[in-house]
Amino acid sequence: MSVILDNLSAVLVSGAVLLLIISTQFSAQQATAEQTIAYMAKMSTMKMVDYLEDELLLVGDGTENAIVDLTTNSDGMTTNFSFWRQDDLGADMLVTYTLTEQDSVEFNDGWVQMYQFNRFENGVAAGGGSSTLEHFEITMLTETGTQTGSTSAARLLRIRAINVYPYGDPSDSYLHRTFWGITLRPLNLEV
Amino acid sequence: MPQTLMAFLAMMIASIAAFNQLTSRTQSFDDMIQSEYELMANAVVLEQVELIDLGTEYDDLEDWDGAEMERAFTVGDFSITFTLTVNVQFVDEDGVPSEAETDQKEVAVSATQEKFLLPLVTHSRLFSD
């Protein structure tokens with residue numbers, strides 16, 4: 001009888017230990033995958049914004065005009081932003097940023113509409129960025145930091161973005177957004 | 001008796017391993033969340049530095065010394081408020097703080113947030129006479 005009980009308890013204990021180790025290992029794998037995806041999404045966002053920072057500092061560089069149009073939708077998102085700058089050969093170039101709707105994705109806090117960031121040079125598609133933007137906005141600020149709709153009064157450009165990174169079952173993931181923002185001072189807006 | 005002790009030891013080791021893994025995961029998520037806050041703080045601090053640069057004459061920079069203000073990082077429906085602190089001091093040509101008056105001033109803006117004990121980011125900019 002005692003041999004049976006010993007064996008039974010050994011099976012129970014080893015089963016419990018095995019389950020604990022397996023669940024720990026599974027949890028570690030899931031966390032590692034989620035963190036890697038979050039890291040890659042952040043790198044992707046930073047790559048796009050590095051380019052934006054470099055380019056927006058050149059607004060109006062060497063051209064007669066600077067900002068042409070800034071259109072914002074009812075959600076405060078910039079759907080069209082056009083400005084003049086010089087290209088690498090010194091010719092005037094009209095650069096336009098637009099957003100186009102992509103798929104929606106469901107997170108714990110509801111459905112999120114994602115957008116693709118597009119870039120055009122003189123009306124021709126030339127580059128772009130993330131296709132998982134939840135929000136993207138460019139705001140013109142005066143020298144006192146107040147928002148303005150006047151391109152002639154603008155001295156600063158405030159850019160804000162949210163990039164989402166859907167992964168697996170949203171209810172199992174904790175982080176699925178990365179935020180970014182900067183305020184730039186294109187010197188040619190002051191001329 | 002030895003079997004019982006061995007079983008207890010096995011369960012204890014497995015529990016410690018699980019606890020360590022959970023702690024590590026929590027720490028890792030905390031770090032990721034802090035990095036998000038740092039990116040947002042970076043945005044509001046840089047904006048304040050630009051505003052000081054744009055709107056203040058060199059001789060008036062001291063007016064900002066010790067100033068504290070609340071600034072929000074707002075995007076869409078999301079908003080987080082940071083407290084910014086400005087510090088202005090003279091620095092020598094090597095950028096070392098100087099008690100004596102020099103031809104350069106360093107304006108440093110730091111951002112703190114109630115969830116974190118230490119400043120999240122600090123940006124400095126040198127201004128020359």
Side-chain angles (χ1 to χ4, degrees), chain A residues 5-7 9-10 12-14 16-32 34-35 38-39 42 45-46 49 53 75-77 112 134-137 139 141-146 155-162 174-175 177-185 189-190, chain B residues 1-56 69 71-80 82 123 125:
Chain A
L5 278 176
D6 275 355
N7 284 339
S9 64
L12 284 175
V13 168
S14 59
V17 170
L18 204 62
L19 273 177
L20 199 59
I21 289 172
I22 289 171
S23 79
T24 303
Q25 185 63 25
F26 178 74
S27 173
Q29 279 178 346
Q30 193 186 24
T32 304
E34 194 174 343
Q35 285 158 22
Y39 177 77
K42 187 166 276 188
T45 307
M46 297 312 286
V49 300
E53 281 183 42
D75 295 326
M77 296 182 60
V112 169
E134 179 184 353
H135 194 97
F136 178 80
E137 66 178 63
T139 313
L141 305 178
T142 65
E143 62 182 15
T144 57
T146 51
R155 295 292 176 270
L156 298 167
L157 293 175
R158 178 195 284 160
I159 306 108
R160 298 282 187 262
I162 303 175
Y174 298 94
L175 296 170
R177 283 184 174 86
T178 185
F179 296 82
W180 174 80
I182 199 169
T183 301
L184 298 169
R185 181 185 172 192
L189 291 182
E190 296 169 32
Chain B
M1 190 65 180
Q3 296 95 318
T4 311
L5 281 174
M6 289 297 284
F8 181 72
L9 187 66
M11 291 185 79
M12 201 169 71
I13 290 172
S15 301
I16 290 171
F19 179 74
N20 281 345
Q21 201 279 324
L22 186 67
T23 308
S24 160
R25 187 181 182 186
T26 308
Q27 181 63 46
S28 183
F29 278 123
D30 284 349
D31 291 345
M32 289 171 73
I33 289 169
Q34 180 164 346
S35 82
E36 289 295 326
Y37 274 85
E38 284 171 356
L39 277 177
M40 291 185 270
N42 193 54
V44 290
V45 166
L46 280 174
E47 182 169 310
Q48 192 57 44
V49 170
E50 293 295 357
L51 287 171
I52 292 173
D53 192 353
L54 251 178
T56 316
M69 65 212 81
R71 290 287 183 270
F73 177 94
T74 304
V75 50
D77 298 330
F78 176 86
S79 187
I80 292 244
F82 295 91
H123 279 284
R125 183 170 290 182

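Chain letters run A, B, ... following the sequence lines, proteins first and then strands; every chain starts at 1.
- Heavy-atom pairs under 4.5 Å with chain A were tallied for B:Asn20, B:Val44, B:Leu51; the largest tally goes to B:Leu51.
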message = What verdict does the side chain to side chain contact (heavy atoms under 4.5 Å, CB included) test give for B:Arg25 and A:Glu34, after you've listed the backbone C-alpha separation in whole Å, the side-chain angles of each residue and the deciding distance to 0.1 Å?
response = CA-CA 11 Å; B:Arg25 187 181 182 186; A:Glu34 194 174 343; 4.3 Å; yes

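- Options A:Ile21, A:Leu156, A:Leu184, A:Asp75 differ in how many heavy-atom pairs under 4.5 Å they form with chain B, and the most are formed by A:Leu156.
- Of the atoms belonging to A:Ala31, heavy atoms from both backbone and side chain fall under 4.5 Å from chain B.
- Of all the listed residues (B:Thr74, B:Val45, B:Leu46), the one sharing the greatest number of non-hydrogen pairs under 4.5 Å with chain A is B:Thr74.
- Both the backbone and the side chain of A:Ile182 come within contact range of chain B, with heavy atoms under 4.5 Å apart.
- Between B:Ala43 and A:Gly181, the closest heavy-atom pair is CB-O, 3.1 Å.
- With rounding to the nearest 0.5 angstrom, the CZ atom of A:Arg185 is 4.0 Å from the CG atom of B:Leu54.
- Contacts with chain B were tallied for A:Met77, A:Glu137, A:Lys42, A:Glu134; A:Lys42 has the most, counting heavy-atom pairs under 4.5 Å.
- Heavy atoms closer than 4.5 Å to chain B are found in the side chain of A:Leu141, but not in its backbone.
- For chain B, the nearby part of A:Arg177 is the backbone; its heavy atoms alone come within less than 4.5 Å.
- Shortest non-hydrogen contact noted between B:Ala18 and A:Thr24 is CB-OG1, 3.4 Å.
- For the residue pair B:Glu50 and A:Thr183, no side-chain donor N or O sits within less than 3.5 Å of a side-chain acceptor on the partner.
- Per-residue counts of heavy-atom pairs under 4.5 Å with chain A were compared for B:Ala17, B:Ser24, B:Ala7; the largest is that of B:Ala7.
- Of the atoms belonging to B:Phe78, it is side-chain heavy atoms, and not backbone ones, that fall under 4.5 Å from chain A.
- Both the backbone and the side chain of A:Gln35 come within contact range of chain B, judged by heavy atoms closer than 4.5 Å.
- A pairwise comparison of heavy atoms in B:Ala14 and A:Val17 identifies CB-CG1, 4.0 Å as the closest pair.
- Across A:Ser27 and B:Gln21, no two heavy atoms sit closer than the pair OG-OE1, 3.6 Å.
- Considering every non-hydrogen atom in both A:Thr178 and B:Glu36, the closest pair reads OG1-OE2, 2.8 Å.
- Contact tally against chain A (heavy-atom pairs below 4.5 Å) for B:Asp77, B:Asp53, B:Leu22: the top residue is B:Asp53.
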query = How far apart are the C-alpha atoms of A:Arg160 and B:Phe73, what are their side-chain angles, what is the distance that settles it, and do they pass the side chain to side chain contact (heavy atoms under 4.5 Å, CB included) test?
reply = CA-CA 9 Å; A:Arg160 298 282 187 262; B:Phe73 177 94; 3.4 Å; yes

request  = Determine, step by step, whether B:Leu39 and A:Met46 satisfy the side chain to side chain contact (heavy atoms under 4.5 Å, CB included) criterion, reporting the C-alpha distance in whole Å, the side-chain angles of both residues, the deciding distance to 0.1 Å, and the verdict.
outcome  = CA-CA 10 Å; B:Leu39 277 177; A:Met46 297 312 286; 4.2 Å; yes

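- Chain A forms the most heavy-atom pairs under 4.5 Å with one residue out of B:Met11, B:Gln48, B:Met32, B:Glu47, and that residue is B:Glu47.
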